[in-house]
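First the structure, in the form of structure tokens, and then the observations on it.
Per chain, numbering begins at 1; letters A, B, ... match sequence-line order.
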2 protein chains.
Amino acid sequence: MKGKATSFDIAHYAGVSQSTVSRALRNSPLVNEETRKRVFEVAKQLNYKVDKNASNLRTQQSSTLALLLFEDPTADESQINPFFLAMLGSITRACAAQGYDLLVSFQSTSADWQADYEDSHRADGIILLGYGDYVDYQAKFSSLIEQNTKFVCWGASVDNRPDLTVSCDNYGGGKLAAAHLLRANRKDCAFIGDASEHSPEFFARYQGFKDEFNQHGITLSERKMANAISTEESGYHATRSLIANNIHFNSLFAASDLIAIGAIRALKEAGIKVPDDVHVVGFDNIAVASFTNPPLTTVQQDTTLAGQMLVDNLLKLIRGEVVENTLLPPSLIIRGSSI
Amino acid sequence: MKGKATSFDIAHYAGVSQSTVSRALRNSPLVNEETRKRVFEVAKQLNYKVDKNASNLRTQQSSTLALLLFEDPTADESQINPFFLAMLGSITRACAAQGYDLLVSFQSTSADWQADYEDSHRADGIILLGYGDYVDYQAKFSSLIEQNTKFVCWGASVDNRPDLTVSCDNYGGGKLAAAHLLRANRKDCAFIGDASEHSPEFFARYQGFKDEFNQHGITLSERKMANAISTEESGYHATRSLIANNIHFNSLFAASDLIAIGAIRALKEAGIKVPDDVHVVGFDNIAVASFTNPPLTTVQQDTTLAGQMLVDNLLKLIRGEVVENTLLPPSLIIRGSSI
DNA sequence: CTACATTATGACACCGGTGTCAGGGTTGAA
DNA sequence: TTCAACCCTGACACCGGTGTCATAATGTAG
């Protein structure tokens, strides 16, 4: 046998036409049971597999989804944000459960990313994932919508299209963190992260956090905020700069766990004790969080559910069904860094 | 414009034949420069993208690789081994660098996994990754080879085909770990992991470890070995059972970092101090390792290089080039758990 | 001016399936 | 006996590209 078997080969050996082979293999009710059996046997013997390219070409769909992972351009090349890796895992599983394949692709946030997986008929839809500067992306989103490309987006909202977003209730998560610190009477709080509209998720976390404090009659000081992207390094440097400027605080809310871990390192280095001197709360509950010293209190995002919802919503969009905005409830995981 | 543009649409608007469009877009030297320019303009205007299915069908190749990730069936559903996630990241990058797409798929080690991505022409080759029980897989490997499926395998060797394997020098890594413990005179050592032929990687690590001790005239006691798969839980329980049996040791080598982290938890719980009472060394250098308490000494595998080599070797196999067995050098990362 | 190489293009078969349509064979009722 | 209904199957166009071959147009040498 030279090359891979085609449906014609099977037709030949089974003594039927190629049309019948195709029908038999796809369990068309039109085919006689005996014929089907014979076809299946020959197919198995020849180790026949349907050529997906031919099949997809004809049916104009691919049973494949594409995942675009945006990385913070300044992040260390070698390490990928563990939160997104966890998401990737759950998305892969959710795809498999639905009988879809998953194409994974990394995109640099800075570069002019392309979402041509659907245009080229390689995928039926696209999942966008990352802590990107979504402000820059709204134009891109518009053109995707215009081209009728099916996509869903994690975290950030798409103008006028709430149905295209799945996200954690970042605002509510921020409130959870604030309430926790307030219960321990740690009212003098620093915030590390980007609270601008460029990082909508971080922004929402900060808003919820601030509002909860406000509702307790406390106004957070702008001086106690430091900008950081979601890396350990960035969290470390931001916190160092606060310390260097002699800014005092007895608690710290980081916009992500990686930032929190960097913050803890900076605090320790400065001889500031966690949690005795400063209570620290992060966001995400990445795997590392439970192993830090002290273990990190954090707001957990349910990545398993998130992956499922992204895939489910995208498939609904592809099928033309109506999708509603999906907000997933966060939960507070209390560990040693704030007890 | 209804539906997506095809090369015929472009041909129509550019006033040339469809053949010429195809040639122009693929920069064939046969096409006149002006014609090409016109074609490109029209293509851009219509937002044309080559239909990959049609293209792949005709050329019989897909510019896509498939990654099969095997999970330990007993591992926690929700969490994926961080070492493999790191590999996934580097493989994705390596693929992108070579202009290939990557299909990711999780496979349960227990189930009868299928590698039909190549048979169905969806991928040009397959990367196998996981701590599977490779003994069971040799038959599968044989049939893959017989069908002329292109694949490379991380870690475990394929009978008679060293060129299909990329792995870390696990034996050498084991020796590194042993030499390190011996330098600190921690000769009374426990081993946690599976040292059977079912886990060839763990087995090699143990062999190297043992041989290094032997070369120093020390024979490791079988009583101080406990079986574990690569999870924190498993490492925890294995270590607990050693302690429960009153087995004494002043150092511990774990076949993987996750196991080591579980072991540290068990030791702490039993009031045994790390590193004072017991030095602990792991294997992999996963991201968590530097955040444990104390930070974990471990044998590092270069995941970036590993991903590159897997992709490079696979592409060579696909192109019919000769590939040599690839052994990547490990390196020892010394941290607080053994100082 | 003829002979032949060179360049640019179009026509067409082909990749391996899917879906439609027509038709052969059997059965059963009129 | 005839006709319809039903079941099953084969022939064939089609999806959207790629690659080969033929050919027209232009150039170049003898």
For B:V158 and B:C153, the nearest pair of non-hydrogen atoms, with its separation, is CG2-CB, 4.4 Å
Sorted by chain and number, sequence neighbours left out, salt bridge (Lys or Arg N to Asp or Glu O under 4.0 Å) with B:R23 holds for none
Contacts of B:Q18 meeting side chain to side chain donor-acceptor pair (under 3.5 Å) (sequence neighbours excluded), chain-then-number -> B:S7
Checklist entry - Going by modelled atom types, is there a donor-acceptor pair between the base of C:dT7 and the side chain of B:R23 at under 3.5 Å? => result no
The side chain to side chain donor-acceptor pair (under 3.5 Å) partners of A:Q98 (sequence neighbours excluded) come to A:D312
Protein-proximity profile, nucleotides 12-17 of chain D, B/S/- by nucleotide at the 4.0 Å heavy-atom cutoff, equals BBBBBB
Separation of C:dC21 atom P from A:L30 atom CG, nearest Å, is 14 Å
Exercise. Report yes if a side-chain nitrogen or oxygen of A:T20 is closer than 4.0 Å to either non-bridging phosphate oxygen (OP1 or OP2) of D:dG10; otherwise report no.
Key: yes
Sorted by chain and residue number, the side chain to side chain contact (heavy atoms under 4.5 Å, CB included) partners of B:E321 (sequence neighbours excluded) come out as B:K316, B:R319
Salt bridge (Lys or Arg N to Asp or Glu O under 4.0 Å) filter on B:D302, not counting sequence neighbours, yields none
Sequence neighbours excluded, the answer for salt bridge (Lys or Arg N to Asp or Glu O under 4.0 Å) partners of B:R161 is B:D163
Would you tabulate the pairs of protein nitrogen or oxygen atoms and nucleotide nitrogen or oxygen atoms of nucleotides 23-26 of chain C closer than 3.5 angstrom?
none

Rounded to 10°, the angle between the first-five-pair and last-five-pair axes of the helix from C:dC1-D:dG30 to C:dA30-D:dT1 is 60°
For B:S167, the side chain to side chain donor-acceptor pair (under 3.5 Å) test, sequence neighbours excluded, returns none
Per nearest nucleotide of DNA chain C, the residue lying toward the 5' end, A:T59 or B:T35, is B:T35
Contacts of A:A66 meeting side chain to side chain contact (heavy atoms under 4.5 Å, CB included) (sequence neighbours excluded), chain-then-number -> A:L103, A:Y117, A:A123, A:I126
Contacts of B:S17 meeting side chain to side chain contact (heavy atoms under 4.5 Å, CB included) (sequence neighbours excluded), chain-then-number -> B:S19, B:T20
